[in-house]
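Computed from a predicted model, the values in this text were never measured in an experiment.
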Amino acid sequence: MSSECYTAITFAPVQGFIEKSRKLRDLYGSSFLISYLAEAICKEAIRLKYKVISPALIKVTQGTPNQIIIQGDFEEKIAKKAMQKAWLAVTENCRLWIQDKVQDCGQYYWGRNWESWGNYAWEFFWGSGETIRVAREAVNDAKRSRDWTGINWTGESSTLSGADGVAWPGMGIGNPQKTNRHKQKQEIAAFYKRLSYELGKAFIDETPELRIPAHELDEKRKEYGEAFVDPDEELSIPELIKRLITHMAIAKQIVNPLKEEIDPKVPNLLKKLEKELNPNTFTDISRLKHKNKNSQESPEKEYWTGWFQGDGDRMGDLLKTFSEDSVTEPDKLEVFSKAMMEWGEHKFKPAVAKAQGRTVYAGGDDFMGIFYRLPENTPSTQKYTPLTGQECVNWFGSKFPSIWQLHGQPITVSVGLVWTAPNVPQRDVLQHCRLAETSAKNNGKDRMAIRILFNGGTHIEWVCPWWCLPVLQHYQDRDGDTLKSLALTTGTKTKPNWTHIYNDVATLESRHAFKGNTQIAEELFKIYFPECKEWIVKDNWWLHSHDEKLRTGILGHEAKDAKKEANELFNEWFINLAKVGFHLCP
């Protein structure tokens, strides 16, 4: 083993594995699994006396980066075997648990399908070199010349691929052309009903403190089982794995055979995961069905939620500065990795939880989560106040910038926030989160993109730098009402009326009044945001090349043809502010 050599390792598909999730519990499961696989590689390297430079902190349940940097020539065969062993432990124990618990739904023929997922689910990329930069380049070369013979995630979305992609005992048997589809549907429904019941039973067995009376036991098994798998669902194998890994009975079965080889402290992490995903304490993720006579709908169907996804800016540029000195590069990367991982685990996640949100993953500078507020089990006479989009934005505007600075590293961050209508499919929400984050990046970085996503799939978006984000709190309607002034009164009106600016903008836009100049937009801004009128001076529109250390501009970076586009871009920015504010702060 040479200290003058470095190894870079990554695997795929990571983002796709996370995004192809139909429920929040799937997101947690996929994030946990990726951290688990990365940890297996790192622990094997440590066992063989190699030094793991990045990730510097790996004892986290969600968010361990899948790009691994190791000091020394860590053999590709050994690294791949460690990851494969961990993944096979997942697939095999999930399959065996089901076959052991669900025994009255016919003979199991699905072994070959599970074997395919166990052997070909992941692409593995390895590279080495005399410096970290060279090792990374070797990995990128391996990605470009990939020759993957995997199953290409067939059946990842069983709702799209049909019954052939559904995981059930008869999967993979016979000729689909000659299958009795009606009978098959009945057998699949019976299997998922039984699986859901057994998951609920196992959860109660693993949670003796519940102390459920005997006469309620059968009903509670069904209720808790629905938190993991709804009887009406039809899941593919990877979807099923994501769901099962979040069940304590199965998670323990997976890590126990490997705990001595991977990490004796793994059970502690599982306890942490169990607490976060307990159906009693996390009903928005578990989809626990509330048998409430006063409410015929679940909270998920009734209320809007705020999804967010963020990523550090110009990470490639920062890593290039580290690589300028190959001697100090490992130490700088290790310090950076540790700072970002500790920030995600110990600063960001607690702050989001305090704000009534949940972090799906926080892999250093890369994070994702959701804000929500669910009704408590209170008498029906008490009024429930739903979470508002303005509360989410206010948190990002007033709290997040200072929280971000706690890691102490010289990078900015771009975030996409999607204020989502109740009935939008989760996969659509995840896609819009990614697109909103990309929009924040493309429009200048160091800012937030706020996207309002409606049930029909349409959306509106407004992008704003962090320093200007509080403008939404300074809105003043035609009656002179602001959030600040209304806080001092005791009247029934509690918010300034955003309809005033919305109607003005809609009328003027229909008459093409914003074409050609920014005078109307600027004057309207001064009327409705009088305390912020100095914010929109043209010196604040762009981040010029000589102002890299100053705050970024409202419209981002000034392009070569910016003078031709400036008026149009500012008008668009103001119009979107009015529209998003109207829907976000009703």
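For the ring pair (Phe, Tyr, Trp, His ring centres under 6.0 Å) criterion with F371, the lone passing option out of W307, Y303, W395, F400 is W395. With respect to R314, the side-chain contact (heavy atoms from CB on, under 4.5 Å) criterion is satisfied by exactly one of D446, T412, L319, I411: T412. Each of Y361, W122, F32 was scored for a ring pair (Phe, Tyr, Trp, His ring centres under 6.0 Å) with F17, with one residue passing: W122. Under the side-chain hydrogen bond (donor to acceptor under 3.5 Å, both in side chains) test applied with D26, the options Q426, R243, K242 reduce to a single match, R243. Of the candidates K445, R447, K441, D313 forms a salt bridge (Lys or Arg N to Asp or Glu O under 4.0 Å) with just one, namely K441.
The heavy-atom pair separating T305 from W419 by the smallest distance is O-CE3, 3.4 Å. The two residues I41 and F124 make their nearest non-hydrogen contact at CD1-CE1, 4.1 Å. Shown here for I53 and P330, the closest heavy-atom pair between the two residues is CG2-O, 3.5 Å. Closest approach of A421 and N455 over heavy atoms only: CB-OD1, 3.1 Å. A436 approaches V418 most closely through the heavy-atom pair CB-CG2, 4.2 Å. The shortest heavy-atom contact between A362 and F367 is CA-CB, 4.0 Å.
For the pair Y6 and V134, the minimum side-chain heavy-atom distance is 4.5 Å or more. Looking at T518 and F574, their side chains never come closer than 4.5 Å, going by heavy atoms from C-beta outward. Looking at E509 and K579, their side chains come closer than 4.5 Å, going by heavy atoms from C-beta outward. No side-chain heavy atom of F348 sits less than 4.5 Å from a side-chain heavy atom of W404.
A distance-only check finds a donor-acceptor pair linking the side chain of S323 to the backbone of K320 [under 3.5 Å]. In this structure, W498 contributes its side chain and L584 its backbone to no donor-acceptor pair below 3.5 Å. A donor-acceptor pair under 3.5 Å is absent between the side-chain atoms of D479 and the main chain of D481, judged by distance alone. No donor-acceptor pair closer than 3.5 Å links the side chain of T507 to the backbone N or O of D504. Using a distance-only test at 3.5 Å, with no hydrogens or angles considered, a donor-acceptor pair links the side chain of W541 to the main chain of I536. Although no hydrogens or angles enter the test, the distance criterion places no donor-acceptor pair under 3.5 Å between the side chain of W343 and the main chain of D365. For N443 (side chain) and S439 (main-chain N/O), a donor-acceptor pair under 3.5 Å exists by modelled atom type. When atom types are taken as modelled, the side chain of W304 and the backbone of T388 share no donor-acceptor pair closer than 3.5 angstrom. A donor-acceptor pair is defined here as one N or O able to donate and one able to accept, closer than 3.5 Å; such a pair exists between the side chain of Y28 and the backbone of T359. Panel note: side chain T438, backbone R434; a donor-acceptor pair is recorded below 3.5 Å.
Screening residues 433-460 for ring pair (Phe, Tyr, Trp, His ring centres under 6.0 Å) gives H432-H459, F454-H583 as the qualifying pairs, with residues at least two apart or on separate chains. Residue pairs satisfying the salt bridge (Lys or Arg N to Asp or Glu O under 4.0 Å) criterion with at least one member in residues 399-414, sequence neighbours excluded, are absent. Each salt bridge (Lys or Arg N to Asp or Glu O under 4.0 Å) pair with one or both residues in residues 464-474, not counting sequence neighbours, would appear here, but there are none. Residues in residues 511-525 take part in these salt bridge (Lys or Arg N to Asp or Glu O under 4.0 Å) pairs, two or more places apart or across chains: E523-K526.
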Please determine whether side chain to side chain donor-acceptor pair (under 3.5 Å) holds for the pair S398 and N394, giving the CA-CA distance in whole Å, both sets of side-chain angles, and the decisive distance to 0.1 Å.
CA-CA 6 Å; S398 60; N394 289 350; over 6 Å; no
Passes side chain to side chain contact (heavy atoms under 4.5 Å, CB included), E123 versus K143? Steps please.
CA-CA 9 Å; E123 293 179 274; K143 287 183 178 180; over 6 Å; no
Given side chain to side chain contact (heavy atoms under 4.5 Å, CB included), test M368 with L27 step by step and report yes or no.
CA-CA 10 Å; M368 180 183 182; L27 284 177; 4.3 Å; yes
So R427 and E239, salt bridge (charged side-chain N to carboxylate O under 4.0 Å, His left out) or not? Walk me through it.
CA-CA 13 Å; R427 291 183 180 180; E239 289 172 329; 2.5 Å; yes
Working for side chain to side chain contact (heavy atoms under 4.5 Å, CB included), residues F529 and I501:
CA-CA 10 Å; F529 304 93; I501 186 175; 3.8 Å; yes
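When the shell of 6.0 Å around CD of E137 is examined, it contains more than 12 heavy atoms from other residues, nucleotides or ligands. Around NZ of K533, the count of heavy atoms belonging to other residues, nucleotides or ligands within 6.0 Å does not exceed 12.
Aromatic ring centroids of F11 and F125 lie 6.0 Å or more apart.
The aromatic rings of Y502 and F582 lie parallel to each other, their planes meeting at an angle below 30°, with 60° marking the opposite boundary. Between W535 and H474, the angle of the ring planes goes over 60°, which puts this pair in the perpendicular group of the 30/60° scheme.
Checked by atom type, the side-chain pair N503/T499 shows no donor-acceptor distance below 3.5 Å.
Taking N576 as the reference, W462, E572 meet the side-chain contact (heavy atoms from CB on, under 4.5 Å) condition, with sequence neighbours excluded. With sequence neighbours excluded, no residue forms a side chain to side chain donor-acceptor pair (under 3.5 Å) with T131.
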